[in-house]
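Side-chain atoms are counted along with the backbone in the values below, which use heavy atoms only and exclude waters and symmetry mates.
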Amino acid sequence: MGVYDFQRIEQKWQQHWAAAGAYRVSNDPSRPKYYVLDMFPYPSGSGLHVGHPLGYIASDIFSRYKRLKGFNVLHPMGYDAFGLPAEQYALEHGVHPAVSTAENIRNFRRQLDHIGFSYDWDREVRTCEPDYYRWTQWIFLQLFDSWYNRRTGRAARIGELEAIFAAEGNAQHECPGDRSLRFTAAGWEGMDEAARRHVLMQYRLAYLDYAEVWWCEGLGTVLANDEVINGVSERGGFPVERKRMRQWFLRITEYADRLLEGLDRVEFSESLKEMQRNWIGKSYGAEIDFAIQGRSETLRVYTTRPDTIFGVDFMVLAPEHALVSAITTPEQQAEVEAYLAYVRSRSELERMSEKKISGCFTGAYALNPFDGRAIPIWIAEYVLAGYGTGAIMAVPCGDERDFAFARHFSLPITNILGGQYDGTAANPTKEGVLHHSGFITGMPMPEAIEAVISRLEAEGRGQRRINYKMRDAGFSRQRYWGEPFPIVYRDEVAYPLPESELPLMLPEVERYATGPEGQGPLANLTDWMRLPDGSLREPNTMPGYAGSSWYFLRYMDPHNAGAFCSREASDYWGQVDLYVGGTEHAVGHLLYSRMWTKALFDLGYIGFDEPFKKLVNQGKIGGDSRLVYRIRGTNTFVSAGLKDTYETDELHADVRLVTGLELDTEAFRNWRAEYAGAEFILEDGVYRCGARLEKMGKRYFNAVNPDDVVAQYGADTFRMYEMFLGPLETDKPWDTQGITGVHSFLRRAWGLFYSEQGEWLVTDDEPSPEELRLLHQTIKKVEEGIERLSFNTCVPAYMVLARELARLGCRKRAILEPFLVLLSPFAPHFAEELWQQFHPGGSVLTAAFPQWSEELVAEESIEYPVQINGKVRARVQAPAAAAPAEVEALAMADAAVQHWLEGKQPKKVIVVPGRIVNVVV
RNA sequence: GCCCGGAUGGCGGAAUCGGUAGACGCGUUGGUCUCAAAAACCAAUAGGUUAACUCCUGUGCCGGUUCGAGUCCGGCUCCGGGCACCA
């Protein structure tokens, strides 16, 4: 009892909390709620290193603090358990993903439990459990059964759309899948079931479409862009081809504007909002129709700069553009075909990374809609088929890419910028006046943009248009370990599975190999694939982000067998008040979950349309690697200081074999078989390692396991130290040495309560004003620190208080009891153990966070620095309540001040109450 | 190239509203204790200057606003992150 026996204490309280269900939380509408969420982990096989729990610790501290402040806090944890790594492990080792995933989860849980988190484990979710993915499938069906009504700006039921079609056709509701699709009520009436379903599919929020993928016959699989090099597969060198395959998509593009607008209503970091805005990539411009010389077709382009239309010197089509074959002249035929063959051989990845200037003239000419000038039409891979109309008007004097292209092919360049264009580089300015530009000559550019669009619209040659970079999200994976689609196909038409048949269970498979035609492994299960009535199942599965797009809702009502989450529960818990996680999900998970939330809101299932009110991105903890230097071709290692005299190879040594920089050479020999016979060239009798900061991870042998740290110093020290390392949001290196400072703070704090002999030292004496002031200053600092998530500034506040109390010999209950409450979010086991002495059978978890009082925080007297002409020359004491005039009088009477004034009269004296006296001479 | 961040002792960092720069911890140095070492405890620790009291310089660089700038404004440099043929 005398010394701080953290091992005994922590084990005792972790067991006690678990047994008592101390962190169980109920949906209690009579109490104010607060929802603190961590991004749930993917349970990988390698377990946690000290970088992983950083965000979990921060959110745990905040949760505990909010509980002490009287909130009913929802603080859950679960696992994002479907995904690729488990399936690859299955392929290589034959272990069922469910088995390896369960094993990994057990290991994660064991590690988490040692750190003393306050999760309500009764609410745990696992995305791979049928009770969970049943609702992932159900939400997918809601998206399938919905369309986005652009007139009301929200999703609605597909049945409503059918009624509209029957009444008036689609004139009021442009088809997002095919803008040219037009039909009347009579047209709808005339369609058969399959045709109608086909039309509806092009409106659905979850829809089926054909999309191009790389198909490799030799491997019998679809390959990702990065697996294709120079037209052959990276593995095996088999040829690949573009193949259109049926894939599911989410129509997230319909939500682009609301995803942008919603960012103004949430507290995310500016950089993260910017990432999302860039990803969505909204741009304002116009579509313009160019006539093609001698042909009836028109060429439609998208541009953000319609004002530069008189500077168009050539047109460029994407190689995949539908008009290419039609407009190519016989003379250019051979050249165009050769170019298309070249483009087809290049992967998307190469196309984007190499950025070669390449292209080919089609022989055709477009006509400028205003001055009728004939403009050559080229094809080039720098124009992307998937953006805008897949065709551009090139203005080389104003666009860098067009300029480079014109230079490369020696095309003439028209100057519409006057003196703003010098002929050596394009000038993309939007501030200037147009030259040689017909009816807009002399007009400022922003004005000209409007003038051109108005005229185009009046003449029916173009229209205002907004474009987005964001594409609809691919939702099919040719994989096994994911949610099966609750869909059946009859005559190639997709129908939803009835709700009563959910969940559609993921069937067992013998092997995880890809199915025929690039389909998922499920396609190998012919019995499962074909239903008794002859309809077919969907062989692919949903992507990893399906389950993670709504998990924060399930925590609110995790055992509900009748709904994904009752409206009652989601109305009570509402938005996640604080969401903590890494930036790696900036444009994936965080966009998808925002979209799903908006769709569920539109359909009336929840009452809010942004899932996360405030988001904090914790920084990464870097690893401090240790390097050893092996003389090339030998098994002899040379100490860092002497390495330059030899030719060496740098290798990583496990950080656990090194103290400071000194290598335990014996342990190093035993570490791995290849080093068993290692020899060492020492300096000053020791082997010194080199050091480098890099990512913490297995491959650098610099990962520090929290289990080891907790075993040596305890969970409370570990928690405090992780916070003490620096601001939550910045990247910072791990330094195992530094932990002793925090650990000895806890030991000293323990010493305030117990003597070394184990006597309880706390008294019931009245605290002195100084002691009260110290306490209240600390309460204030800690409260303010936690509120603005500056956990790193709280730890020094505790340290100063403990030091000062020790100095004063203060062991008074009136001070130490609130100190324990203050400390409990950071060091819960420590606080709980000592709290027992004050409240046997009670718990610090249910205490109230102490209030600080302005009166007690205030000093009796304040020391004012006195600046004379900007330099601090003296300090004077003044009563805290002194008015500025009194402080000034006291300062002027001070001998040191008079000395510095050298008899001169001050011109001006500024007294900032409580702060400073400034004298200008 | 574009868009966001950031730069403070030997190191991690603090300074919340424009008001004593360097809290707190690590490391280092010295001391106490010890046969010795470790641990623990105490003291010093931005740089320069001084026997000392002092004084000067100092928050990436240049300039500005202000009685007063790490903090605000203008112009750079470097580092980190994101996006990248999106017309």
_Euclidean distance, atom CD1 of residue A:I916 to atom P of B:rA15 [Å, nearest integer]_ = 19 Å
*Value in whole Å for how far the P atom of B:rC83 lies from CG of A:L384*: 17 Å
*Rounded off to whole Å, could you give me the CG-to-P distance for the A:L728 and B:rG6 pair?*
15 Å
_I'd like to compare against my own output: the B/S/- annotation of nucleotides 39-47 of chain B with a strict under-4.0 Å heavy-atom distance to protein._
-SS------
*Got a second to check how far A:L728's CG is from A:L725's CG, nearest 0.5 Å?*
11.0 Å
_Whole angstroms only, please: what is the CG-C1' distance between A:L317 and B:rA87?_
13 Å
*Mind checking what makes side-chain hydrogen bond (donor to acceptor under 3.5 Å, both in side chains) contact with A:Y65, not counting sequence neighbours?*
A:E787
*If you look at every strand shown and take non-hydrogen atoms under 4.0 Å, does A:N792 touch a base, only sugar-phosphate, or nothing?*
sugar-phosphate
_In whole Å, I'd like the distance from the CG atom of A:N278 to the C1' atom of B:rG5._
14 Å
*Hey, is the side chain of A:R875 pairing donor to acceptor with the base of B:rU20 inside 3.5 Å?*
yes
*Between A:F405 and A:F314, is the ring centre distance below 6.0 Å?*
yes
*asked:* Could you check whether A:Y4 and A:T717, counting side-chain N and O atoms only, form a donor-acceptor pair closer than 3.5 Å?
replied: no
_Does anything in residues 795-803 of chain A come within less than 4.0 Å of RNA chain B? Heavy atoms only, and list the residues if so._
A:P796, A:M799, A:V800, A:R803
*nucleotides 67-75 of chain B: protein proximity per nucleotide (B base, S sugar-phosphate only, - neither; heavy atom, under 4.0 Å)*: B--------
Table of protein N/O atoms under 3.5 Å from nucleotides 53-57 of chain B N/O atoms:
{"unit_1": "B:rC56", "atom_1": "OP1", "unit_2": "A:R873", "atom_2": "NH2", "d": "3.4"}

*Whole angstrom value for the distance that separates C1' of B:rG82 from CE of A:M275*: 5 Å
*Reckon A:S790 touches a base, only the sugar-phosphate, or nothing at all at heavy-atom distances under 4.0 Å?*
nothing
*asked:* What's A:R788 touching, base or sugar-phosphate or nothing? Going by heavy atoms closer than 4.0 Å.
replied: base
*Strand-adjacent residues in residues 773-784 of chain A, judged by heavy atoms under 4.0 Å from RNA chain B*: A:E784
*Which whole-number value in Å describes the distance from A:L591 CG to B:rC83 P?*
12 Å
